[in-house]
Amino acid sequence: MEETPAPSSATNFIRDIIDADNESGRFDRRVHTRFPPEPNGYLHIGHAKSICLNFGLAIKYGGQCNLRFDDTNPTKEDVEYVDSIKEDVRWLGFQWDHLFYASDYFETIFRFAETLIAKGLAYVDSCSTDEIRQLRGTLTVHGKPGPWRDRTVAENLDLFRRMRAGEFPDGAHVLRAKIDLAHTNMNMRDPLLYRIRHAEHHRTGNTWCIYPLYDFTHGYSDSIERITHSICTLEFENHRPLYDWLIDVLELYHPQQIEFARLNLTHMMMSKRKLLELVETNSVSGWDDPRMPTLAGIRRRGYTPEAMRAFCDEIGVTKFNGLTEIVVLENAIRADLNKRSNRAMAVINPIKVVIDNYPDDLVEELEAVNNPEDPAAGTRLVPFSKVLYIERDDFMEIPAKQFFRLSPGREVRLRWGYLITCQSVVKDPSTDEIIELRCTYDPLTRGGNAPDGRKVKSTIHWVSAAHAMTAEVRLYDHLFKLADVSEIPEGEHWKNWLNPASLVVVPSAKLERSLATFKPGDRCQFERLGYFCVDKESTPGKPVFNRTVTLKDEWTKIQKKKGS
RNA sequence: UACCCGAUAGUGUAACGGUAGCACAACAGAUUUUGGUUCUGUUUGUCCAGGUUCGAAUCCUGGUCGGGUAACCA
């Protein structure tokens, strides 16, 4: 476990609220937050925003942050998710002060319900789901009281206890708060508090056959844990009056609920339901497919926790429901990896180069700098010989304007190697495809500098054919070709918008020898191409590298501009 | 057709009644043995209309636009 992340310097409206509360002494200057996921899926980048916010606030103010599993719906939840969520929070660099489960409070919450009944503020409703929906009214039409609303306290208490005792089947009764069926806020129209579910819970087993609903559980959990600021996303704004009502009628310790806008990213789908569908239909390889926005996915993709935290810091926290460009995320990981990644040479789309005037059997070990951003990273030796591979994109038989890489008659530098000049092009006579370049080198330019001081416009990467290792390289791109996935009309098949090129597998890229020692999770920069990491499926016999993100690429930009 | 919330450059955010800043993007240049990095510079903004005030992005009123809300989900 690394040390506690430094507190964020970014200010936001929630910090303003906390500052004001500390000023007034409202919570005795305590700050106690919580991150409350339901263990029904894998965490994604949106959750990272919430995690960084809640844990970050606790660090900033010297307070505490709990991890609490909101596990009130036994049919959707599983320990698999509990475990992955813990792992993800730790990976992001945070450690919770207390670990709780809402199910820890089931007995307490049951007693709260009895108290509510005793106060005449809750009743057992025996209507069907349909009837309840009918009587609740609509957004513009008031609801109406149902036939069971005026049961006596004794009758309600008796029925509720028998619900718990397992005397009734699922759906026979529910417990509802008695508030106001004509309320303009739908959440206040006698909200459901408990339902009967004869289902096994991943923690409480078969102890319970009634389970409290979110609204009835969440505020009480916050109150029990003496949370000061209960931070959630915008869609719970309309729940706050109920949150406050439930705590106030029982005269309990009252945390402050604060809502902020969830994260939306271009080219990304954040809906848990749709992510689950991608997994279940094998549109991706799993929850940790490197194209997924899950923390498991981006971790496998090669993202670092430092970059994720920097990103969350940069995007800020507001109540405005915006759409953040994915390049902001990409910029965060580039900035981090640029400083710490060693460089290596890898040729993804190779074309053979023969240095005609280089001795047939000579192999030279050339010194290469590991990381120009970090002198302490030192140097390594890379083998050079007569037959090399270079990137097919680094050669143009008829060079375009502004293309200053290799072409017939032109001299370029091989990184850490020699200056070479292309003398001729060998083509497959049947297909006309270029299969080989014949070049000459200048023996006086070892290391890359010419004694006469002449300059070349371009430096390209290469590997010695005889010494290269072969590896599978997986090139990842955006999962969705559409920037704003919320624009996909409801009902339209959203999977039509998946990017067919989101994964390009290169079966046999040619890699520099030094990469042979890399283990799964190891990261490096393939010079001029991007940042890569070794995939978990990689083995010594069949190495696999994932592209985390490309480098910025001026040449591709120039080409795109010309094309459009 | 109800209620709640929001609106600052292309995008995301800061300014808390007193000079509209920052990051990313874009554009131009310098440096560079990665068309990377770094550095310098440029372009672009307070949704609209009123009001309060010496002074409004900020406060008030009205409008416009956008988001949320009618699971026995969270």
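In what follows, chains carry the letters A, B, and so on, assigned in the order in which the sequence lines appear, proteins first and then strands, with residues in each chain numbered from 1. The structure presented is a predicted model; accordingly, all values stated were derived computationally and were not measured.
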* Structure fact -> Output field dot_bracket for RNA chain B (Watson-Crick or G-U, both distances under 3.5 Å, | for other-strand pairs) contains .((((((..((((....[..)))).(((((.......)))))....(((((..]....))))))))))).....

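With hydrogens and angles ignored, no donor-acceptor pair closer than 3.5 Å exists between the side chain of A/N40 and the base of B/C73. The base of B/G36 sits within donor-acceptor range of the side chain of A/E373, with an N or O pair under 3.5 Å. Contact of A/E237 with B/U69 (side chain to base): no donor-acceptor pair of N or O atoms is detected under 3.5 Å. Between the side chain of A/H183 and the base of B/A2, no donor-acceptor pair under 3.5 Å is found.
Separating the CZ atom of A/F13 from the P atom of B/U8 is a distance of 15 Å, rounded to the nearest angstrom. Distance A/R176 CZ to B/A71 P: 11 Å, rounded to the nearest Å. Taking atom CG of residue A/L242 and atom C1' of nucleotide B/C4, one finds them 14 Å apart after rounding to whole Å. Between A/D19 atom CG and B/A15 atom C1' the separation is 16 Å, expressed in whole Å. The nearest whole Å value for the distance from the CZ atom in A/F532 to the P atom in B/G36 is 17 Å. When the C1' atom of B/U11 is taken as reference, atom CG of A/L323 falls 8 Å away, rounded to whole Å. For A/R528 and B/G36, the CZ to P distance is 11 Å, given to the nearest whole Å. Atom P of nucleotide B/U11 and atom CD of A/E314 are separated by 18 Å, given to the nearest angstrom.
Across B/C60 and B/U52, the matching C1' atoms stand 7 Å from one another, rounded to whole Å. Separation of the P atoms belonging to B/C22 and B/C39 is 14 Å when rounded to the nearest angstrom. Across the C1' atoms, B/U53 and B/U58 are found 13 Å apart, a figure rounded to whole Å. A distance of about 12 Å separates the C1' atoms of B/C48 and B/A7, rounded to the whole Å. When the P atom is compared between B/A71 and B/U13, the two are found 30 Å apart, to the nearest whole Å. Only the P atoms considered, B/U46 is 13 Å distant from B/U11, to the nearest whole Å. Comparing the P positions of B/G18 and B/C72 gives a spacing of 48 Å, expressed to the nearest Å. For the C1' atom pair drawn from B/U8 and B/C3, the interatomic distance equals 27 Å after rounding to whole Å.
In B/A30 the O4'-C1'-N dihedral to the base is more than 90° from 0, which defines an anti nucleotide.
Listed nucleotides B/C27, B/U69, B/U37 differ in distance to A/N187; the shortest reach to its side chain belongs to B/U69. Picking from B/G36, B/G35, B/C73 the nucleotide with the shortest atom distance to the side chain of A/P372 gives B/G36. With distances taken from any side-chain atom of A/F320 to the nucleotides B/G12, B/G67, B/G10, the minimum falls on B/G12. Nearest to the side-chain atoms of A/I558 among the listed nucleotides B/G35, B/G10, B/G36 stands B/G35. Residue A/Q402 has its side chain nearest to B/G35 when only B/U34, B/G35, B/G6 are considered. The side chain of A/N331 has B/C24 as its nearest neighbour among B/C24, B/A14, B/C72. Between B/G12, B/A15, B/U1, one nucleotide has an atom nearer to the side chain of A/I315 than all others, and that is B/G12. If you check B/C4, B/G12, B/A74 against the side chain of A/N238, the one that comes closest is B/C4. Of the candidates B/G35, B/A15, B/U34, B/G35 carries the atom nearest the A/R405 side chain, counting heavy atoms from C-beta on. Side-chain proximity of A/R343 to B/C5, B/C73, B/U34: nearest is B/U34.
For A/K319 and B/A7, the shortest distance from a side-chain N or O to OP1 or OP2 is not below 4.0 Å. Proximity of A/R195 to the phosphate of B/A74: a side-chain N or O atom is located under 4.0 Å from OP1 or OP2. A sub-4.0 Å separation between OP1 or OP2 of B/A71 and a side-chain N or O of A/R136 is present. Within the structure, a side-chain polar atom (N or O) of A/R197 is placed less than 4.0 Å from OP1 or OP2 of B/C73.
When ring centroids are compared, A/F168 and A/H173 come within the 6.0 Å threshold. The aromatic ring centres of A/F545 and A/F532 sit 6.0 Å or more apart.
Across all strands, A/H218 comes closer than 4.0 Å to no nucleic acid atom at all (heavy-atom distances). In this structure, A/K557 reaches the sugar-phosphate backbone alone: every heavy-atom distance under 4.0 Å involves primed, P, OP1 or OP2 atoms, never a base. At a threshold of 4.0 angstrom between heavy atoms, the contacts of A/T140 include nucleobase atoms, whether or not backbone atoms are also involved. Within 4.0 Å of A/T324, counting heavy atoms only, lie sugar-phosphate atoms of the nucleic acid but no base atom. Nucleic acid contact class of A/C312 (heavy atoms, under 4.0 Å, all strands): none. Residue A/E259 is out of contact with every strand shown, counting any heavy-atom pair closer than 4.0 Å.
Between A/H218 and A/Y243, the two ring planes are tilted [angle within 30° to 60°]. Using the six-membered ring where Trp is involved, A/H47 and A/H44 have ring planes that are tilted, between 30° and 60° apart.
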* Can you check side chain to side chain donor-acceptor pair (under 3.5 Å) on A/T459 and A/R413, steps first, answer last? -> CA-CA 5 Å; A/T459 301; A/R413 172 168 38 235; 3.1 Å; yes

* To do: Please step through side-chain contact (heavy atoms from CB on, under 4.5 Å) for the pair A/F236 and A/Y214, ending with a clear verdict.
  => CA-CA 11 Å; A/F236 291 103; A/Y214 165 84; 3.5 Å; yes

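Applying ring pair (Phe, Tyr, Trp, His ring centres under 6.0 Å) to A/H201 and the options A/W208, A/F69, A/F106 leaves one that passes, A/F106. For the ring pair (Phe, Tyr, Trp, His ring centres under 6.0 Å) with A/W462, the lone residue among A/F384, A/Y389, A/F395 that qualifies is A/F384.
A salt bridge links A/R176 with A/D125: the closest approach of a Lys/Arg side-chain nitrogen to an acidic carboxylate oxygen falls below 4.0 angstrom.
Both A/Y194 and A/E527 sit near RNA chain B, but only A/E527 has its closest nucleotide nearer the 5' end. Each of A/F404 and A/V327 was assigned the nucleotide of RNA chain B with the nearest heavy atom; the assignment lying further toward the 5' end belongs to A/V327.
In terms of modelled atom types and a separation under 3.5 Å, the side chain of A/Y418 and the main chain of A/N449 share no donor-acceptor contact. Between the side chain of A/E391 and the backbone N or O of A/I348, at least one donor-acceptor pair lies under 3.5 Å.
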